[in-house]
Each structure stands twice: as C-alpha cells, then as structure tokens.
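To keep things clear, I will list the structure first and then write my remarks on it.
Every chain is numbered from 1 and lettered A, B, ... according to where its sequence line falls, protein lines coming before strand lines.
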Number of protein chains: 2
Amino acid sequence: MKRNSRLSSTLHILVHMAEKPAQALTSEQLATFIHTNPVVVRRTIAGLRDAGIVTSSRGHGGGWLLGRAPEDISLAEISAALGETLLPFSTEPESPGCLVEQAVIAVLDDFRIAAERLLQEKLSHITLADLTADFRRRYDLIGVSSHAV
Amino acid sequence: MKRNSRLSSTLHILVHMAEKPAQALTSEQLATFIHTNPVVVRRTIAGLRDAGIVTSSRGHGGGWLLGRAPEDISLAEISAALGETLLPFSTEPESPGCLVEQAVIAVLDDFRIAAERLLQEKLSHITLADLTADFRRRYDLIGVSSHAV
DNA sequence: TTTATCGTAACTAGTTAAGTTACATGAAAC
DNA sequence: GTTTCATGTAACTTAACTAGTTACGATAAA
C-alpha cells in the first residue's frame with residue numbers, strides 16, 4: 001500500500017465487502033485485495049468501525065461486514081473516519097505575535113474552512129453504492145465483450 | 001519551518017517583500033522571518049522566480065523582489081509555483097486489471113479533477129494584495145489601541 | 001480444548017522533506 | 001582587480017512520518 005492511498009485502498013476494500021454482503025471477510029482476505037498486511041488493514045479501517053461504517057467480529061468465522069447499506073455510506077463519512085485531511089497545508093502559527101503571520105493564517109484559514117466544507121459537500125453525494133454500480137458496469141461490459149469474442 | 005507549511009511560509013515571505021517594494025531582501029533576512037535556513041528559502045521560492053512572481057539578483061546589494069504588483073499575484077499561482085498538490089490523496093493504480101480498483105479510481109479521479117478545478121478557481125481570486133491589506137488592518141488596529149492606552 | 005480471528009503494542013524499515021555544509025558563480029564596491 | 005556580498009545548487013545529514021512486521025492477549029466458534 002503506497003503512501004496517500006489510504007482512501008482508495010479503503011474504498012477498494014469496501015466495494016469487495018459490498019459485493020459479498022452476507023460473508024464476513026477476514027483482515028487477511030482484505031489485505032490481499034490491496035497487497036498489504038492484515039495488521040495494516042485492521043489499523044486502517046479501525047476508524048470505520050468506530051463510525052459504524054463496518055462491523056468486526058472475533059473468533060472462528062469472524063471478520064468484517066458493512067455496518068449499513070452501501071447507499072447510506074458516503075465518501076465524506078469514509079474520508080472523515082479515516083482521519084484524512086482533505087487539504088494538505090497547515091495553518092499552525094509558528095511565530096505567535098507576528099502580524100504578518102496572523103494575516104496569512106487568517107486568509108488561509110478562511111479559504112481552508114470554505115474549501116473543506118465544499119469538498120465534504122461534494123463527497124457526501126458520492127456513496128459506496130455509486131462505486132459498486134460503477135464496478136458492476138465494468139464487470140458486465142467485460143462479460144459482454146467476452147461473449148462477443 | 002514545519003512540514004506542510006510551505007504555502008503559509010511563502011506567503012509570509014511575500015507579504016514582507018510587498019511591504020518593502022523598493023528593497024531587495026536577502027535569503028538570510030527572509031529566512032529569519034520564517035525561522036529557517038537561507039538555503040531552504042532559496043530552494044522553496046526558486047519556483048516562484050521561474051513563474052515570474054519574484055526576481056532575484058546576485059552579488060552585493062542583491063536579494064529578492066516581487067516580480068509584479070501584489071494585485072497581480074494570486075494564491076493559485078503561488079501554490080502552483082510551489083508545486084503544491086491541492087488534494088493529498090493519490091489515484092495511482094496498484095493492481096492494474098482489477099475492476100474494483102478501476103471503478104474506485106474512476107470515481108475518485110472525477111472527484112479530484114472537479115475539486116482541484118474548484119479550489120484553483122477560489123485561490124485565483126485571492127491575491128497577495130488581499131493579504132497585505134489584512135496585515136495593514138491588523139497593524140493599524142494595534143497602532144490605534146496603543147494610542148488609546 | 002483447539003482453532004480462527006480481531007485488537008493492539010512495540011519495533012523495523014523506507015520515504016520524504018527540512019536542515020546543513022560547501023563551493024561555484026556573479027555583481028557591486030573599493 | 002581584488003574584496004565582499006549575494007544567489008544557485010549539489011551533496012549530505014537529520015528528523016518525522018507511515019507502512020510493514022512481529023508478537024501476543026482476548027474472544028468466539030467448532
């Protein structure tokens with residue numbers, strides 16, 4: 001799993017879970033999907049469990065399941081549950097008392113807050129169901145072309 | 001200079017330059033503003049010179065000057081010149097051929113492109129002049145309160 | 001009781017970016 | 001023309017972050 005691909009890796013995992021809604025998938029299985037380690041998976045999606053997006057169960061036959069219907073899981077929630085920051089730049093003061101810095105931070109913070117709200121709004125309209133639908137389309141296309149050839 | 005604060009540090013520097021439009025400021029001076037090393041400054045704002053946002057001159061009396069009026073320098077240009085990525089997540093394929101991944105990347109890429117355009121648009125409306133104006137307001141406020149006390 | 005699974009702490013390794021040193025290049029001042 | 005002051009840049013060091021790994025306790029089904 002590369003740097004900065006936690007969101008896409010997590011979505012990858014979730015689509016697989018959505019495709020097998022009745023079957024608990026183990027961290028081991030999920031890890032193979034994104035070519036990584038089971039512990040990394042558990043660590044990465046621990047936040048999703050806390051947010052109710054997925055559930056986990058221990059012991060024999062245990063594993064991971066979606067916590068609710070794919071239509072009710074938005075990318076905004078997933079991103080937030082991962083603790084991802086939408087905008088990469090920081091606005092932490094480094095020279096408290098410097099008026100120039102204060103002005104810079106004020107303007108940048110205004111932008112950051114507005115931008116974050118905007119991105120969150122956009123992400124809240126994309127659901128896991130949209131992703132599975134897109135996957136299904138691709139899957140069916142391959143099927144058709146296989147028949148054709 | 002902390003991680004991820006290249007944009008705000010650079011803006012800090014630029015406001016100082018805008019406040020002394022006739023005086024070439026050395027990397028040494030700029031470095032003290034943001035508590036770092038002259039070489040780090042040169043490296044950081046090298047891209048701004050290539051973009052014409054600032055100019056530099058060597059030798060005795062040399063240093064850095066704004067390349068044009070603060071009203072004509074937008075945060076969008078500055079951010080771009082720094083090589084900053086507005087959105088932090090990657091959409092690089094890691095399992096080419098996996099339809100799930102393709103679906104995830106497709107949806108995420110659509111979002112990323114739209115979001116980037118949106119952020120850039122917003123940033124293009126904020127200029128260095130806005131920052132200096134904000135600084136001036138704060139500066140004058142302090143002055144007034146000093147008089148009052 | 002055994003086996004399969006998650007939860008989590010602790011450590012290792014790889015990557016990135018800042019910080020630093022060193023020196024060549026260029027331009028003004030004397 | 002020599003000295004001084006600046007940038008440009010390569011090369012190295014250091015610090016921080018994060019993925020990856022190992023280990024083991026807790027839990028639940030067979």
>> Rounded to whole Å, please give me the gap between CG in L82(A) and P in dT18(D).
In response: 13 Å
> Taking only residues two or more places apart in sequence or in another chain, which ones pass salt bridge (charged side-chain N to carboxylate O under 4.0 Å, His left out) with E116(B)?
Replying inline: R112(B)
> Rounded to whole angstroms, how far apart are CG on L25(B) and C1' on dT7(D)?
Replying inline: 14 Å
> If you look at every heavy atom in I45(A) and V54(A), which pair is closest and at what distance?
Replying inline: O-CG2, 4.3 Å
>> So, OP1 or OP2 of dA6(D): does either fall under 4.0 Å of a side-chain N or O from T26(B)?
In response: no
Short N/O separations, protein against nucleotides 8-13 of chain D, under 3.5 angstrom:
from, atom 1, to, atom 2, distance (Å)
dG8(D), OP1, R49(B), NH1, 2.3
dG8(D), OP1, S56(B), OG, 2.8
dG8(D), OP2, R49(B), NH1, 2.6
dG8(D), O4', R58(B), NH2, 2.8
dG8(D), N7, R42(B), NE, 3.2
dA11(D), N6, R43(B), NH1, 3.3

> Nearest to the side chain of M1(A) - dG19(C), dT21(D), dA19(D)?
Replying inline: dA19(D)
>> Rounded to whole Å, how long is the line connecting atom CG of L30(A) with atom P of dG20(D)?
In response: 15 Å
> Taking only residues two or more places apart in sequence, or in another chain, which ones meet R137(B) in a salt bridge (charged side-chain N to carboxylate O under 4.0 Å, His left out)?
Replying inline: D134(B)
>> Applying salt bridge (Lys or Arg N to Asp or Glu O under 4.0 Å) to E77(B) and R68(B), what does each step give before you reach the verdict?
In response: CA-CA 13 Å; E77(B) 288 176 277; R68(B) 40 192 145 91; 3.0 Å; yes
> G59(A) near the nucleic acid: base, sugar-phosphate alone, or nothing, with a heavy-atom cut-off under 4.0 Å?
Replying inline: base
>> Between P on dA19(D) and CG on N37(A), what's the gap in Å once rounded to a whole number?
In response: 12 Å
>> Less than 6.0 angstrom from the centroid, inside 45 degrees of the normal: does R136(A) satisfy that with respect to the ring of Y139(A)?
In response: yes
>> What's the separation between atom CH2 in W64(B) and atom CD in Q29(B), rounded to the nearest 0.5 Å?
In response: 13.0 Å
